[in-house]
Q: 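Below you will find the structure I want to go over with you.
Computed from a predicted model, the values in this text were never measured in an experiment. Just so we're on the same page: letters track the sequence lines, and every chain starts at 1.
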Protein chains: 2
Amino acid sequence: MVSLRDIAVEAGVSEMTVSNVVHNRGRVGEAKRRKVMELVRNMGYRPNRAARSIRYQRFDAAGLLLSTDLGRSYLPNPLLSGIHDSLAARSMHLVLSRLPDEQLSSPLIVPSLLEELTVDGLLINYTHAIPKPLIEMIQKHSLPAVWINANHRYDCVRPDDFGLAAKATKYLVELGHRRIALADLGVGRDQMEGMHYSRHERVEGYRQTMAELGLSGRIIQPETLRQTSAELLAWAVGQFSGLDRPTATIMQGGYRETHAVLEELKLKVPDDMSMVFFGETQKNWGRHHLTMASVDEAKLGSEAVDMLIGKINGPRDPVPSLVLPIGHIVPGETCRPLS
Amino acid sequence: MVSLRDIAVEAGVSEMTVSNVVHNRGRVGEAKRRKVMELVRNMGYRPNRAARSIRYQRFDAAGLLLSTDLGRSYLPNPLLSGIHDSLAARSMHLVLSRLPDEQLSSPLIVPSLLEELTVDGLLINYTHAIPKPLIEMIQKHSLPAVWINANHRYDCVRPDDFGLAAKATKYLVELGHRRIALADLGVGRDQMEGMHYSRHERVEGYRQTMAELGLSGRIIQPETLRQTSAELLAWAVGQFSGLDRPTATIMQGGYRETHAVLEELKLKVPDDMSMVFFGETQKNWGRHHLTMASVDEAKLGSEAVDMLIGKINGPRDPVPSLVLPIGHIVPGETCRPLS
DNA sequence: ATGAAAGCGCTAACAA
DNA sequence: TTGTTAGCGCTTTCAT
């Protein structure tokens, strides 16, 4: 690999001169400048980032630590873009890391990003339970860290899931709906305890908004999933039928099951049932674009980077968490005014 | 930040001794070893990767270069996992990079991963057109690079899309189907030219397999999308109806449109129509799990890493591309035997 | 305008 | 078993 020295020797100048030319720094005579420039191009010189890191005591890089679930990490592409571009704007790199599967339970093993000095700070996107040892490790190393999608009082950046559910509810109310349900046929009520905080926040956002508007909320979620699929279906069919059946539903989960229920009841979307989806997984409901309550994940990522940069450059003390109003309704084809 | 020197001074030993202790290298007396270990823990020493990189002339990191489309990158999580874990097994890091949007057309600007020495090699995942200047830049710098999902003769790793489509076709034939179509209502025939090679490969895989089996293939794809949505629908309805209508369809694209057509014709999946999907975007067709022809992207990633490591450690000459048989049919609920 | 020296954190090679 | 030396690529400081 070509180093400054190589260019300097070839050009018959000092390393400093080459460095100055490459970075448009200092004053260099026109003749030398041209000669050096040419050699830099021809010999394919590129500055060595590791050397720079050592000098500046700075890596100009941030790490992104991912949780894993069943061996796969969750990283939405818009979030990645937001983080990457925000870092790139500061000439910083993004280093990705996750824990190999076996390590999730083992408290002793630690991601290599924490074992070595490689990055100036860490973004942590844990959609599931955050291992205690990880938190302690980070505190001990006093490595600047920002948590994404977590709900601690400090050092977190997260979307306002409560507000998002509230928006979805109000959206349906504005369309004239009154009997609005929130459905989650994918998870039993008895499993909710360990779930990600956003699930709870959304339920609360829905519940409180309904209450504020003087409407009675109904959360359609099975007590447990241990029953057979047919039993679940039969139960859910009951929930969605009758004279006072919901005319609109906010979908938290269990798309397939809900599909089956509505098919059984011959309820068409959006004619007989309006639906709003939290925009994460799929895009269509049959032939219809989804009406989504979705989060601007790119913004989430860039805000996280901003907070991290602040902690890298300034004091490393805990910073109050940020709850961002970055959720909004994206109109689609699965809702219509109640006639 | 704590360095070897800090520990050495504190312990009253040489830096080498500390280094040896930290890496279980060389022979160190038990007393000193313990003392050093304790200080390392208490003072929170972690080796500086940049310093190591300089010494070893190696970064122990690979870059992953992503293409962008409408401002977002495409990076399937399984692919990411495959790449990451394969690198981690070699104690290597993964650095992510993509071109900011404006740069896609501009030939002058280059991702910072190429402007600086930061990684030992590059994985390139360009799902769309690969910019010429990028290729030249890489060749000029003789930076080891492996292309993922591209179809050059050398230095590529890609799934066997042809074979995957063949598998999907045979799967349906084994279920008794004979009138099997391949549908792509999402893209006009006149747009196919610039499309990713895999789209063409899949069409070819389907076409040739049908021919080999003595069956007549039919590719249901509009000449152009410039017609109105209603016109397209009317045309497609014609394609899917009649006495010799397809009993099974391989879905290349245009899910929503196809949904609309089948609904119009009152054709139920899977009772009246079996469907196989290339497993990338969605997961269900209404209430049914998709039957998918999907690629083991994790394997794709790890194979790409293997190839890259080979080029980093060995000769950098071009290596014949790898076409991997990593596609398979994942049974779901959208197919059934023809009765 | 240009260059020499020193040092960032680390380790291979050698000396003691 | 332990320590010293030298040098990886770079830049800040200071001298010329």
Q: Which listed nucleotide (D/dG9, D/dT4, C/dC10) is nearest to the side chain of B/P47?
A: C/dC10
Q: Looking at A/I7, A/L4, A/V36, A/V28, which hits side chain to side chain contact (heavy atoms under 4.5 Å, CB included) with A/S19?
A: A/L4
Q: Check DNA chain D against residues 29-43 of chain A and give the residues with a non-hydrogen atom under 4.0 Å, in numerical order.
A: none
Q: Nearest nucleotide by nearest heavy atom, which residue falls closer to the 5' end of DNA chain D, A/R5 or A/H23?
A: A/R5
Q: Indicate yes or no: does A/D317 engage A/K311 in a salt bridge with an N to O separation below 4.0 Å.
A: no
Q: Write down the distance between CG (B/L117) and C1' (D/dC10), rounded to a whole number of angstrom.
A: 12 Å
Q: Kindly point out which of C/dA6, C/dC10, C/dT2 is positioned nearest to the side chain of A/R55?
A: C/dA6
Q: Rounded to whole angstrom units, what separation is found between the CG atom of B/D60 and the C1' atom of C/dC10?
A: 14 Å
Q: If you check the B/S3 side chain, which of C/dC10, C/dT2, D/dG9 turns out closest?
A: C/dC10
Q: Starting at atom CD of A/E116, determine the distance to atom C1' of C/dC10, rounded to an integer number of angstrom.
A: 12 Å
Q: Does a side-chain N or O from B/Y56 land closer than 4.0 Å to OP1 or OP2 of C/dA12, or not?
A: yes
Q: How close or far is atom P of C/dC8 from atom CG of B/N48, stated in whole angstroms?
A: 12 Å
Q: D/dG9 C1' sits how many Å from A/D6 CG, rounded?
A: 10 Å
Q: Once you round it to whole Å, what is the distance between P of C/dT2 and CG of A/N20?
A: 10 Å
Q: Are any of A/S19's side-chain N or O atoms less than 4.0 Å away from OP1 or OP2 of D/dT11?
A: yes
Q: Distance check needed: D/dG9 P versus A/M1 CE, whole Å only.
A: 7 Å
Q: Any carboxylate oxygen within less than 4.0 angstrom of a Lys/Arg side-chain nitrogen, looking at A/R46 and B/E116?
A: no
Q: Output yes when B/D120 and B/R90 qualify as a salt bridge under the 4.0 Å nitrogen-oxygen rule, no when they do not.
A: no
Q: If you measure from the Lys or Arg side-chain nitrogens to the Asp or Glu carboxylate oxygens, is any gap between A/R34 and A/E38 under 4.0 Å?
A: no
Q: In Å, rounded to the nearest 0.5 Å, how long is the span from OH of A/Y126 to CD1 of A/I135?
A: 10.0 Å
Q: Touch check for A/Q57, heavy atoms < 4.0 angstrom, all strands: base, sugar-phosphate only, or nothing?
A: sugar-phosphate
Q: Given atom CD of B/E15 and atom P of C/dA12, what is their separation to the nearest angstrom?
A: 14 Å
Q: Side-chain donor-acceptor pair under 3.5 Å between B/R98 and B/N125, yes or no?
A: no
Q: State which of D/dG3, D/dC10, C/dT11 makes the closest approach to the side chain of B/S14.
A: D/dG3
Q: Which nucleotide, D/dT12, C/dT2, C/dC10, lies nearest any side-chain atom of A/T17?
A: C/dT2
Q: Do any side-chain nitrogens or oxygens of B/R52 fall under 4.0 Å of OP1 or OP2 in C/dT11?
A: no
Q: Indicate yes or no: does A/E303 engage A/K299 in a salt bridge with an N to O separation below 4.0 Å.
A: yes
Q: If you assign B/R27 and B/I54 each to the DNA chain D nucleotide with the nearest heavy atom, which residue ends up on the more 5' nucleotide?
A: B/R27
